[in-house]
2 protein chains.
Amino acid sequence: MEQLYKRDRHYVAVDCVIFGYLDGDLKLLAYPRAFAPYEGGWSLMGGFLNDDENLDEAATRVLELRAGLSDIFLQEVGCFSAINRDTAGRVVSVVYYALVDVNTQDASILDAHGAQWFSVKHLPDMVLDHKQMVERALIQLRSDANERLLGKELMPQYFTLLQLRNVYQAIFDRDLELANFRKKILSLDILEKQDFKNTTESRKGAFYFAFKPEAENRVLDRIVKLN
Amino acid sequence: MEQLYKRDRHYVAVDCVIFGYLDGDLKLLAYPRAFAPYEGGWSLMGGFLNDDENLDEAATRVLELRAGLSDIFLQEVGCFSAINRDTAGRVVSVVYYALVDVNTQDASILDAHGAQWFSVKHLPDMVLDHKQMVERALIQLRSDANERLLGKELMPQYFTLLQLRNVYQAIFDRDLELANFRKKILSLDILEKQDFKNTTESRKGAFYFAFKPEAENRVLDRIVKLN
DNA sequence: ACAAAAGTGTTAATTCTACACCCATGA
DNA sequence: TCATGGGTGTAGAATTAACACTTTTGT
C-alpha cells in the first residue's frame, strides 16, 4: 500500500436535494443556514461523513436526524469539489437527491428548522454552490424518471393514473397527454390495478393503482420522449 | 461555519476506468498493482486527491502523470465509500471513466507499467472493488453514449460511418443494422461529411465524417433503442 | 338529465426494422 | 467483369400524438 499517512486528508460532506410534490409542481426543501458565514441563507440539508459510515448511510443519517425524514429514497448525483467552494475550508461534497411524499412527513419538524418548500421553477438564491447542486440533481432526477418510473416515492401507496401523470408533468415541467400517458404506463406492466377507487376527485371515481413489488426497479427504454 | 476541525477527515482517491476501442470491441486498460497487499493484482489507475486540486484535476493528473495519457475525455461515474473497501485504510474513491483513442496514444509508456488491454466481455479478476467500478462505469458509458453521440474520443478526427457503428456495437455489445444506423445518425445533424474518402477498407472508398464542433455535446433523445 | 372526470377508441404521423437493391472501383 | 464494401430505397411493424367519443355517478 502507498503510505496513506503522507496523503492529504479531506472533509467529506453530503448535501441532500430534497424533492417533494405539492400543488401540481415539484418542490425543493430548503433550510435557512444556521451558522456563519451566510447565516440565514437558503441551503440544502447536509452534514459531514463520519469514519464509521459510508456515504449512503451518512445521507440517510442527515435526513433522519437533521430533517426528520425517514425511510427515504436517495440517489447519488455526483461530487462537488472545487477548492474554494466552501469558504470555511476545503470540503468535498457528495450530492444526493431525495424524494419524499410531502403528505406523509411530519410538517412540524420541518417548521422547527424553518424549512420551506420552493417550486423548482422559482428557486431562491442559495448559499455557496447549492443552486448548481439542485440543477444537477434535477437533471439526474429527470434522467432516472425516464428509465425507472419514479413517483412511488413522491406519492401515497395507492394512487390514480391522473396523479401519476401530474407527478411526471411536474418532474419534466411539461404537459403530457393523459390518454397517451395511461396507455404508455400500463403497457409497461409495472402497475397493479386495485379493486377500489378514489372518489374524492370525481363523481365516477378513478381506480387506484400500486407498483408491482418485483417490477419496482426495472430499467425501461424510455418513458417520456424528449424534444 | 460548523467547526470543521471536530469532524473526521478522509483520504479521497480517484480511480479511472480507461476504455479504448480495438479490434472491434471495447477494452479496459488495467495495471498490475505495484504495492502490497494484492501486489500484482489487476487494478485501475488511481491516485489520491490533493488539497490544491479538484477531483477532475486529480483524475486528469493521474492519467497524465501515471498513465501517460493526455487530453482525455473524462466523466464522473460515482463514489465508492464502503468502510472496508480498501484494506489498508478508510478511503473514499471517486470513479471516473476515460475514453482514449488507442492508436494515438504512446504504447511504450503503457508497456513500461505493464498495463494491458482487456475486453470488457472478459474482464480479469481485479483488486478490491475495482471490478464493480468497471461495471458501473460501463453502465454510465452506455447511458451517456445513448444521449450524447460519443465515439469522438475513441476514434480519429475523421472516421467513416461504419467505424462509428463498430464503436457503438462495441459499447452496447450488440449488432446494429448499418443502413438504419446511418440514417439515424445522419438525421441527428451532428456530423459533417468531408470531401475525401477512406480507401483502405474498400475499393469504392467510404466518405469520412467529423463531428460538427458546436453540436458536440447536444443532448439527444435516444440513439439506440433498448429491449 | 347533466356536469365533470374516468376511461376507451381511432386515425394520422413518425420512427424502427429488416431487407433488397444499386453504385463505384481495383484487381 | 466480378467481388466487395459503400450507400440508398422501401414496405411493414411499432410507437407516438392528437383528439373524439363513451362511461359512470352525485347532484
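Reckoned from all heavy atoms, side chains included, excluding hydrogens, waters and symmetry mates.
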Would you mind listing every side-chain hydrogen bond (donor to acceptor under 3.5 Å, both in side chains) that reaches into residues 136-145 of chain B, with sequence neighbours excluded? B:Y97-B:D144, B:Q140-B:D144
Which residues pass the side chain to side chain donor-acceptor pair (under 3.5 Å) test with B:N166, not counting sequence neighbours? none
State plainly whether the residues A:R61 and A:E53 are in salt-bridge range, i.e. N to O under 4.0 Å. yes
Of all residues at least two apart in sequence or in a different chain, which pass the side-chain contact (heavy atoms from CB on, under 4.5 Å) check with B:D101? B:N103, B:T104, B:P156
Pairing residues for A:D25 by the salt bridge (charged side-chain N to carboxylate O under 4.0 Å, His left out) criterion, not counting sequence neighbours: A:K27
I need the NZ-C1' distance between A:K193 and C:dA6, as an integer number of Å. 10 Å
Tabulate atom names and distances for all N/O pairs under 3.5 angstrom spanning the protein and nucleotides 11-16 of chain C.
unit_1	atom_1	unit_2	atom_2	d
C:dC16	OP1	B:K184	NZ	3.4
C:dC16	OP2	B:K184	NZ	3.4

Positions of residues 154-171 of chain A (non-hydrogen atom under 4.0 Å from DNA chain C), listed by number: A:L162
Is it the case that D:dG9 (base atoms only) and B:K183 (side chain only) share a donor and an acceptor within less than 3.5 Å, ignoring hydrogens and angles? yes
Listed by chain and number, what are the ring-ring contact (aromatic ring centres under 6.0 Å, His included) partners of A:Y208, not counting sequence neighbours? A:F196
Nearest-Å distance, CG (A:D175) to P (D:dT16)? 18 Å
What residue pairs, at least two apart or across chains, pass salt bridge (Lys or Arg N to Asp or Glu O under 4.0 Å) with a residue in residues 164-173 of chain A? A:K121-A:D173
Round to a whole Å and report the spacing from CG of A:L178 to P of C:dA5. 12 Å
For B:R203, give me all partners under side chain to side chain donor-acceptor pair (under 3.5 Å), at least two apart in sequence or on another chain. none
Separation of C:dT17 P from B:I185 CD1 (nearest whole Å): 13 Å
Are any protein N/O atoms closer than 3.5 Å to N/O atoms in nucleotides 20-27 of chain C? If there are, list each pair with its distance.
unit_1	atom_1	unit_2	atom_2	d
C:dC23	O2	B:K204	NZ	3.1

Starting from P on D:dG7, measure out to CG on B:N198 and report it in whole angstrom. 10 Å
A:D15 side chain to A:S93 side chain, donor-acceptor N/O pair below 3.5 angstrom: yes
Rounded distance in Å - CG (A:D221) to P (D:dT15): 10 Å
Test of understanding: with salt bridge (charged side-chain N to carboxylate O under 4.0 Å, His left out), list the residues that count as partners of A:D71, not counting sequence neighbours. none
Between CZ of A:R182 and C1' of D:dT22 the distance, given in whole Å, is 13 Å
Among all residues two or more places apart in sequence or in another chain, which pass the ring-ring contact (aromatic ring centres under 6.0 Å, His included) test with A:F80? none
Roughly, in whole Å, what's the span from CG in A:L226 to P in D:dT16? 12 Å
